[in-house]
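Model, not experiment: these values are computed from the prediction.
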Amino acid sequence: MTLKWLAVVVATVSVTLCVTGNAVTLVVDGGQLPLLVNLFVLTTAGTAVVLAVLAELHERLNDRVSALTEFLVARLDEIESRAGDRNTGFVEGYLLSHGQEAAVVPFGRRGRGAAER
């Protein structure tokens, strides 16, 4: 059972027990349950309701992020299939025009200015 539905069940059971306990106490003694018991039950029910709402919001947010991720992956795949790898041809052409001794050297780290020269 997910957290959301467990919290809903806890809140429902808490409120039902509070109402039933107060109704039975009212019929039998003409009073109500002690204030501490009522506050504990209402606090438990309120906390469970807040937890259920947060669990639902988390589930919705997770679904939206998953849908966005799937959309972005599909879009990037589409862009990649349309664009291809254009730099590969450039590098191969450069190497062919300069012979076998030409090497492609990556850019080095950028310096911090004239102080390192």
To the nearest 0.5 Å, atom CG of L3 lies from atom NE2 of H58 at 10.0 Å

Apart from L36 itself, what residues make up its hydrophobic cluster, given side-chain heavy atom links below 4.5 Å?
none

Exercise answer: donor-acceptor pairs, residues 8-26 side-chain atoms, under 3.5 Å, sequence neighbours excluded:
from	atom 1	to	atom 2	distance (Å)
T12	OG1	V8	O	2.8
S14	OG	V10	O	2.8
T16	OG1	T12	O	2.7
T20	OG1	T16	O	2.7
N22	OD1	L33	N	3.1
N22	ND2	C18	O	3.1
N22	ND2	N38	OD1	3.1
T25	OG1	G21	O	2.7

With sequence neighbours excluded, give me every salt bridge (Lys or Arg N to Asp or Glu O under 4.0 Å) pair touching residues 41-58.
K4-E56, E56-R60

Who else is in V27's hydrophobic cluster (ILVMFWY, side-chain heavy atoms under 4.5 Å, direct or via others)?
none

Please tabulate, for side-chain N and O atoms in residues 61-69, each donor-acceptor pair with protein atoms closer than 3.5 Å (sequence neighbours left out).
from	atom 1	to	atom 2	distance (Å)
S66	OG	N62	O	3.0
T69	OG1	V65	O	2.8

What residues form a salt bridge (Lys or Arg N to Asp or Glu O under 4.0 Å) with E70, not counting sequence neighbours?
none

In residues 41-52, what donor-acceptor pairs under 3.5 Å come from side-chain atoms, sequence neighbours left out?
from	atom 1	to	atom 2	distance (Å)
T43	OG1	L39	O	2.7
T44	OG1	F40	O	2.8
T47	OG1	T43	O	2.8

